[in-house]
Amino acid sequence: MRYLPKSPSERQEMLAAIGAHSIEELFESIPQEFRLREPLPLPRALSEPEIIEYFKSRAAENAPGYTSFLGAGVYQHHRSVVTDALVQRGEFLTSYTPYQAEISQGTLTAIFEFQTLMCQLTGQEVANASMYDGSTALTEAILMAERLTGRSTVLVARSVHPEYRQVLATYAKNLGLEIEEVGYTASGQLDAKALTKDRLAGAGAVVVQSPNFFGVIENIAGLAEIAHAEGALLVDTIAEAVSLGIVRPPVEADIVAMEGQAFGISPSYGGPFVGVIATREKFVRQMPGRLAGQTTDANGRRGFVLTLATREQHIRREKATSNICTNEALFALVATVHLCLLGKEGVREMASQNVAKAQFAIGELEKIPGVRRAFSGPVFNEFVFEFPRAVKMINATLMRENIIGPLPLGMHYPDLTKHGLVCVTETMPRAEIERLAGAVRHILETPI
Amino acid sequence: MRYLPKSPSERQEMLAAIGAHSIEELFESIPQEFRLREPLPLPRALSEPEIIEYFKSRAAENAPGYTSFLGAGVYQHHRSVVTDALVQRGEFLTSYTPYQAEISQGTLTAIFEFQTLMCQLTGQEVANASMYDGSTALTEAILMAERLTGRSTVLVARSVHPEYRQVLATYAKNLGLEIEEVGYTASGQLDAKALTKDRLAGAGAVVVQSPNFFGVIENIAGLAEIAHAEGALLVDTIAEAVSLGIVRPPVEADIVAMEGQAFGISPSYGGPFVGVIATREKFVRQMPGRLAGQTTDANGRRGFVLTLATREQHIRREKATSNICTNEALFALVATVHLCLLGKEGVREMASQNVAKAQFAIGELEKIPGVRRAFSGPVFNEFVFEFPRAVKMINATLMRENIIGPLPLGMHYPDLTKHGLVCVTETMPRAEIERLAGAVRHILETPI
Amino acid sequence: MNSKMTETEAPPATIRKAGRHVSQNEGLIFEKSAAGKRGMELPPLDVPAVDPAAALGRDFVRDSVEGLPEVSEIEVIRHFTRLSTWNYAIDLGMYPLGSCTMKYNPRVNEYVARIEALATAHPMQPADVAQGCLRILYDLQNCLLAITGMDAATLQPAAGAQGELTGLLMIRAYLASKGNPRKKVLIPDSAHGTNPASVVIAGYEVQNIRSNRLGEIDTDHLREFATEDVAALMVTNPNTLGVFEERIAEIAAILHERGALLYMDGANMNALAGVARPGDFGVDVMHLNLHKTFSTPHGGGGPGAGPVLVKKMLEPFLPVPVVVRKEGGRFALDSNRPQSVGRVRAYCGNFGVLLRALAYILAYGPGIRQATEDAVLNANYIRKHLEEYFDLPYDAPSMHEVVFSDARQKRNGVSTMDIAKRLIDYGFHPYTTAFPLIVPGAMMIEPTESESREECDLFIDAMRSIAQEAETNPEIVKAAPHATRVGRLDEVAAARKPILRWKP
Amino acid sequence: MNSKMTETEAPPATIRKAGRHVSQNEGLIFEKSAAGKRGMELPPLDVPAVDPAAALGRDFVRDSVEGLPEVSEIEVIRHFTRLSTWNYAIDLGMYPLGSCTMKYNPRVNEYVARIEALATAHPMQPADVAQGCLRILYDLQNCLLAITGMDAATLQPAAGAQGELTGLLMIRAYLASKGNPRKKVLIPDSAHGTNPASVVIAGYEVQNIRSNRLGEIDTDHLREFATEDVAALMVTNPNTLGVFEERIAEIAAILHERGALLYMDGANMNALAGVARPGDFGVDVMHLNLHKTFSTPHGGGGPGAGPVLVKKMLEPFLPVPVVVRKEGGRFALDSNRPQSVGRVRAYCGNFGVLLRALAYILAYGPGIRQATEDAVLNANYIRKHLEEYFDLPYDAPSMHEVVFSDARQKRNGVSTMDIAKRLIDYGFHPYTTAFPLIVPGAMMIEPTESESREECDLFIDAMRSIAQEAETNPEIVKAAPHATRVGRLDEVAAARKPILRWKP
Ligand SMILES: Cc1ncc(COP(=O)(O)O)c(C=O)c1O
Ligand SMILES: Cc1ncc(COP(=O)(O)O)c(C=O)c1O
């Protein structure tokens with residue numbers, strides 16, 4: 001087998017060296033009755049060309065050549081091929097967690113740069129080396145807030161990504177964590193009036209997403225003030241990280257839980273992505289996840305190491321701040337390389353292009369009779385429209401024109417069955433936006 | 001511009017350091033009247049996504065999804081993605097010719113391995129680090145034979161790749177090199193009877209290709225005997241290198257000029273490929289091209305260097321054995337990695353599969369009424385069929401079924417307008433061979 | 001090039017695997033920034049430009065992000081290429097990290113993960129246009145079930161630790177459905193740190209239990225602790241000593257008698273694939289680490305994937321969504337599962353990792369047993385050749401890994417960490433030193449099947465030579481590594497005054 | 001790790017650019033072979049197997065190829081990954097190789113060269129299904145014509161040297177068509193070695209002509225030698241000293257008066273692109289090295305491409321086939337050209353290289369001038385900062401490169417080669433030492449536009465520091481390099497008893 005660097009005779013010689021007569025002998029500590037006699041019922045071994053063939057066939061069963069207006073936490077942005085070329089270097093791709101600093105300075109330096117970039121973008125003081133994704137980062141941020149405040153209720157905006165809230169619910173269930181939902185106003189923003197003194201009193205955190213699931217940007221500064229007034233923390237989650245190129249950073253938030261997929265990571269049917277937690281320096285010892293820190297060797301040469309490990313499971317076991325071990329290091333590297341390429345100018349330019357495309361798309365859709373924008377709040381590259389028919393019906397027809405239409409909100413918001421979430425990034429050609437608008441118009445003109 | 005690592009202010013500071021007031025000043029040695037005033041009439045600078053878009057559009061204008069039965073010197077074989085992953089490492093891809101051995105041991109070691117592999121495959125004693133391609137390798141091999149024998153006539157089989165012969169003609173014209181053609185027999189092999197004593201007497205070399213352009217394998221041993229008897233050398237050129245996995249190597253030939261494309265190099269519309277010259281040890285000082293040799297450093301550590309440079313243009317200038325400088329090193333590396341992966345077993349297995357596929361295809365085509373095999377000699381993975389109609393006409397129809405049919409031989413052999421050269425490698429699925437046979441049958445059944 | 005480093009260099013003769021070579025220095029990317037440099041440019045905007053402040057409102061926009069680097073493409077290429085050359089990696093050599101199963105990461109897996117309509121697939125695109133992705137998930141589930149002998153699977157967990165949590169949540173939901181979720185989870189003292197940490201998040205108390213002299217679970221002790229309020233035992237099998245729990249059936253029985261379940265941490269599945277199936281020896285729930293046994297690249301710390309496999313009775317509690325095949329053969333995501341523990345991660349998990357694992361399994365088919373055999377062969381070969389040189393605290397038969405201790409070298413003041421660092425000079429990555437906690441000064445060695453005999457022999461040579469150095473020249477070991485760009489780094493200083501980000 | 005190497009090490013203080021790091025040893029692949037290992041497997045045969053001996057005949061088949069290695073995929077990955085780490089490369093740092101124009105090789109060029117229907121295009125597929133490839137060639141031709149100011153082009157030559165030959169053959173055919181091909185080609189003594197070598201293959205005699213004190217062509221000398229039997233002069237402009245031939249117009253006039261043609265070796269076009277066009281200053285024929293000026297990767301020695309550009313009167317003599325655009329806009333290959341010199345290479349040349357060069361030009365557009373300006377800026381910046389330390393034999397203004405000599409260091413017995421080798425310890429690739437022959441002990445430095453000021457400054461530091469070492473500690477320079485895995489290799493022994501292949 002091509003992955004195995006041994007010849008039959010080498011196997012025999014090694015067995016002899018061990019003093020074993022057969023390979024079976026090495027498995028004798030497994031009780032006889034549990035040792036398999038037949039080969040596993042798996043498909044026959046495939047050669048490399050056959051493996052490629054298998055996956056190309058699968059790809060053909062997806063939606064090649066479709067134009068998609070889906071966002072909802074996963075975004076298609078321009079990437080440079082440079083990023084992938086670098087990340088595929090074996091020294092990055094096939095290296096282990098950098099516990100042995102002297103032969104891991106490449107990874108450690110890159111993590112240190114990642115932590116720095118995340119701080120610069122979010123306006124926070126410290127950021128970790130990565131979490132699984134946005135949904136688990138948010139959940140861990142909330143557990144962190146609970147530890148910091150000792151308060152076990154959290155007020156979560158309904159406009160937070162529904163799947164993020166589902167993950168939170170799963171974790172919260174057995175930890176005595178109370179989750180209260182907070183609604184939204186006509187602007188699509190969190191209903192600040194619902195944050196009453198007494199609700200806040202027992203709350204460890206107020207949790208929002210900005211831009212939120214409806215694409216609307218929240219007033220972080222204002223919400224922080226309200227939360228802080230009652231001793232609650234403000235946790236802000238960001239699903240569309242590219243927005244930070246133009247949208248005011250959540251400096252007033254106490255913990256930021258971000259999904260970094262938008263920074264050069266392909267959608268890949270939902271993962272792997274890269275979660276991030278950023279917070280204030282004073283909270284660092286309650287932070288989950290790995291951290292790289294700067295130090296020196298005996299000769300005073302600068303170097304980097306994993307640090308503050310006393311927070312982590314391999315040292316603290318049941319007392320750790322989290323059970324996370326393996327994280328998303330490689331995708332933190334993708335984001336790092338991508339951001340270094342894009343740079344200060346590029347990050348701003350890309351974000352601005354998203355705003356322009358969104359505004360253009362809104363204009364095009366608003367022209368369609370019977371179609372109206374659902375929320376009045378400011379948006380980045382996503383927005384909700386209300387249609388005169390169920391979105392699912394409209395999408396069924398769009399599909400025939402190789403268009404994957406707006407995300408139907410009814411599934412997660414029973415009151416919004418005629419509402420659809422539309423996303424347009426800088427990668428969406430004007431012509432495709434016009435094609436969508438034209439198609440929707442045509443669909444609505446034709447009676448059911 | 002993204003490729004340029006300078007900021008505007010850095011440019012100014014550097015100019016100042018030089019003591020120049022403007023960049024213009026640095027170009028003053030170019031006479032005023034020759035300095036361009038307007039920007040060049042080139043399309044505007046494109047971003048990376050636009051460049052990718054440009055080339056994807058070009059690709060779409062080619063033949064995506066076609067099944068091709070073309071060979072004629074360029075072959076589609078299975079390759080492992082491992083090869084490309086390794087060859088794309090910057091340390092190989094972006095390194096220069098290894099003149100500075102201490103920081104080029106990677107490339108030099110690989111060249112040494114390439115030279116060894118080429119010797120093992122061809123049965124020759126020495127091989128060089130690469131030539132441009134098969135056609136120029138053959139031409140240089142013939143010039144080498146002329147230097148070795150002092151005889152200026154060469155007898156070249158008509159069954160040598162027509163484009164190789166055209167290149168030879170171009171070089172020969174001004175060097176007083178006489179080229180005489182030798183025909184072929186019903187077997188498709190060189191007509192040995194045409195190699196008369198007196199023709200051979202003045203000849204520096206007899207030149208054949210095996211498998212030849214008709215796919216037929218030549219009797220190298222026999223031809224060598226004939227040539228050597230009259231003091232001529234035998235030069236064998238190989239266009240389908242994979243054949244060496246199963247076909248008897250040309251050990252009796254004096255010089256082998258090979259095209260290595262078949263060893264894992266993509267067709268890429270004709271290049272870059274990798275030419276090779278292999279020969280007898282005693283001829284090495286008349287060989288063109290670079291050679292890597294083994295040696296040691298002061299501490300006795302093994303290392304490799306470019307050697308016997310006194311044959312080359314940068315030392316000998318007009319007295320050099322060739323004008324070649326830049327060669328095809330990266331593709332010699334591709335072939336090396338590919339052959340290491342395939343290995344002793346794989347090389348034989350791949351070659352055997354080609355024989356099997358060819359025999360199957362021959363059987364399928366022979367079943368078609370009016371279609372007959374043109375030559376009786378042994379073939380590897382290519383063979384000539386004679387059709388009842390002009391091949392061009394048949395191909396026109398095949399094209400409608402996304403099949404690129406047999407190569408019409410009429411263009412190069414006016415006497416063979418109804419003859420087509422068919423190639424099937426191990427990558428050709430049985431179903432596609434059957435589809436071709438079915439299509440040809442159907443075409444011939446329908447009256448014109 | 002630093003003279004200090006070289007004074008203490010080892011006698012060259014002893015080191016066959018590695019030399020030293022010139023290595024590029026490189027600062028932080030921020031230190032290369034200059035206003036106006038660009039590393040990536042965008043196509044021109046094809047719609048009217050808008051003023052963000054006007055579109056979003058003054059209060060919602062920011063100035064450009066202070067401190068982001070401004071560098072060119074070539075500088076980025078060089079920066080990260082240079083950084084990469086400071087790393088050790090599987091592509092460079094053996095990684096004898098016990099418990100981590102650092103095996104070859106096949107390149108074709110990287111290739112297929114990047115195929116257009118797979119890499120660009122959106123997790124919310126309708127099932128009709130996601131059949132390829134769903135089929136991949138479905139096929140992988142079936143392969144994993146075949147290998148483990150379990151009944152149902154979820155591929156959602158992002159890593160082993162999350163798999164543990166997911167498994168525990170399912171146990172809890174199951175027991176709760178029976179009326180009482182119970183309070184405690186038993187964990188052997190040899191367990192990995194994520195086990196207890198996951199138990200806590202699942203809302204359980206951790207109860208550690210002893211190992212016996214063989215390094216296996218002490219069944220008497222287990223009987224004693226397996227009370228009515230114990231929900232489960234988390235066993236790692238083979239355990240972290242590389243020893244198969246021979247009494248696994250008895251252990252399962254003890255738990256089952258008492259209505260508790262047996263959870264298996266499958267991190268060491270590389271010792272069993274194709275040879276034995278946890279489903280056959282009493283395991284009720286288990287997770288796999290696809291980034292260990294199934295070859296997906298570690299990438300300097302992640303990503304991973306931690307599928308959870310369960311017996312029939314736990315199927316109703318799987319996280320949503322579940323990939324199902326409907327009659328007619330179409331695939332779909334089923335979220336309508338009232339008893340589900342819920343979601344543990346957004347979307348369908350680390351799809352890109354799952355895809356790679358499937359590619360790995362397709363490459364082996366039933367031949368995966370050969371990989372297991374070679375892994376165990378390598379471990380025993382190394383054990384055999386090092387037994388005389390290092391202390392073997394538990395001499396039960398080894399499977400895929402062997403755990404020595406530094407007891408002998410300690411006499412000369414040489415610790416497992418010193419030996420580990422010295423291995424670096426010999427061209428190897430260190431073995432695992434952090435655990436199992438039941439072995440003071442542990443040296444946990446797992447070669448995996450990816451190592452040739454040549455590489456194993458070089459490792460044996462290196463270890464023997466270091467054992468000798470520990471006798472004759474302990475200082476050189478204690479001061480190691482000597483061959484690296486930087487020496488041992490001051491971790492205490494790093495933790496005392498943490499510098500966690502670059503500042504101008 | 002070898003103690004010898006380190007004794008003679010330089011004082012660390014002076015070296016800022018590089019350190020030393022552990023580096024994997026590795027034998028030859030043949031030394032890892034063992035019967036039965038496989039690195040690549042094939043899909044099962046889907047047609048009946050045949051016995052080759054039966055199908056081809058006993059005499060035409062061989063036994064399996066003796067000596068071919070048998071290794072696994074991971075061993076191949078490690079073998080070549082380890083080898084690669086022994087190389088210097090543009091991706092690692094500056095390559096100040098004069099005349100070689102080692103600039104950044106954009107990664108997107110590698111990406112587009114691998115796009116399916118381009119990489120798999122067969123050179124003989126009918127034009128109808130090769131329009132994309134033909135359009136690429138056509139667009140590249142037009143770009144090169146715009147940049148050079150010439151009238152017609154061929155992209156067929158595989159490298160610069162073959163471009164030279166092709167150009168000379170066209171000159172010969174042109175003159176022959178006028179009645180007399182003539183006998184000689186004039187070549188300045190500063191020319192690259194391929195020029196005279198190509199002249200001979202074109203069937204001409206080489207006549208060397210002197211350079212004047214400025215390093216430019218001595219026009220009086222030229223007048224004297226430009227006799228009736230001179231077919232052409234091959235000028236490199238800027239010449240190999242990096243100096244623009246200020247009297248190029250006069251030179252062209254002298255030749256044209258006598259019915260001879262002016263050939264320009266375009267290897268140094270990186271000094272002119274966007275600034276001046278050879279077509280404007282009297283050049284009749286020229287070649288370009290796409291692997292220099294147009295950024296295609298050198299790949300350890302090749303591939304390259306050497307397109308030839310000519311004035312109108314030479315167009316009929318272009319090699320066949322020529323890419324043409326027919327009315328209707330379709331592209332085709334035209335081989336029906338009676339006056340053509342014929343073919344110089346099979347198919348359409350190094351298409352993959354040509355494609356990359358086009359990608360490079362598309363990335364810059366007219367902005368290519370900026371690259372040229374930066375290249376000249378870097379060269380002059382380095383010249384300025386090294387002038388005081390090294391002898392400048394010709395002080396004419398430099399364009400893209402500057403050529404010093406080791407005259408001063410020679411006094412301490414330190415040669416250009418010693419300084420070159422010492423640069424390696426400082427983390428740089430050496431400059432060019434081999435030529436131009438008119439400068440004894442030449443140090444030919446071409447930074448290209450791809451170097452940041454930081455990298456240029458580090459290079460300047462290194463050179464100054466070495467100049468100082470040449471005074472204070474010449475031995476360390478003469479024994480360099482010290483930081484590499486292997487020291488200077490015995491080239492004499494290599495050539496005396498050549499070992500050109502591995503043997504068991
Ligand atoms: C025995 C064992 N259990 C659990 C884990 C945790 O798995 P992960 O790192 O994928 O979360 C590991 C790996 O670190 C392990 O070795
Ligand atoms: C001035 C000059 N002319 C000609 C050549 C030869 O070009 P090539 O190596 O592409 O054949 C070179 C490059 O080596 C050169 O520097």
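Chain naming here is simple, since letters A, B, ... match the order of the sequence lines and numbering starts at 1 in each. Quantities reported herein were computed from a predicted structural model and do not represent experimental measurements.
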Please walk me through it: do R11(A) and E373(C) pass salt bridge (charged side-chain N to carboxylate O under 4.0 Å, His left out)? CA-CA 10 Å; R11(A) 290 189 177 102; E373(C) 290 178 354; over 6 Å; no
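Both the backbone and the side chain of F304(A) come within contact range of chain C, each with at least one heavy atom under 4.5 Å from a heavy atom of that chain. For I201(C), the parts lying under 4.5 angstrom from a heavy atom of chain A are both the backbone and the side chain. With a 4.5 Å cut-off on non-hydrogen atoms, E164(C) does not touch chain A at all. Both the backbone and the side chain of F34(A) come within contact range of chain C, with heavy atoms under 4.5 Å apart. Both the backbone and the side chain of H429(C) have a heavy atom closer than 4.5 Å to some heavy atom of chain A. For I368(C), the part lying under 4.5 angstrom from a heavy atom of chain A is the side chain only. At a 4.5 Å heavy-atom cutoff, the contact between A202(C) and chain A is made by backbone atoms alone. When heavy atoms are compared at a cutoff of 4.5 Å, L169(C) approaches chain A solely by way of its side chain, counted from C-beta outward. Looking at L355(C), the atoms closer than 4.5 Å to chain A (heavy atoms on both sides) sit in the backbone and in the side chain alike. Both the backbone and the side chain of D490(C) have a heavy atom closer than 4.5 Å to some heavy atom of chain A. Heavy atoms closer than 4.5 Å to chain A are found nowhere in E116(C), neither backbone nor side chain. For a residue to count as touching a neighbouring chain, one of its non-hydrogen atoms must lie under 4.5 Å from one of that chain's; by this rule Y95(C) touches chain A with the side chain only. Proximity to chain C (any heavy atom under 4.5 Å) is shown, for L15(A), by both the backbone and the side chain.
For R345(C) and Y347(C), the positive end is not near the middle of the six-membered ring at less than 6.0 Å and at most 45° from its axis.
With hydrogens and angles disregarded, a donor-acceptor distance shorter than 3.5 Å links the side chain of R62(C) to the backbone of L121(A). Formation of a donor-acceptor pair under 3.5 Å by the E91(A) side chain with backbone atoms of A89(C) is not found in this model.
Close placement of the Y3(A) and Y364(C) rings is indicated, their centers lying within 6.0 Å of each other. Aromatic ring centres of Y66(A) and H122(C) lie farther apart than the 6.0 Å criterion allows.
Considering only residues two or more places apart in sequence or on other chains, E50(A) meets the salt bridge (Lys or Arg N to Asp or Glu O under 4.0 Å) condition with R44(A).
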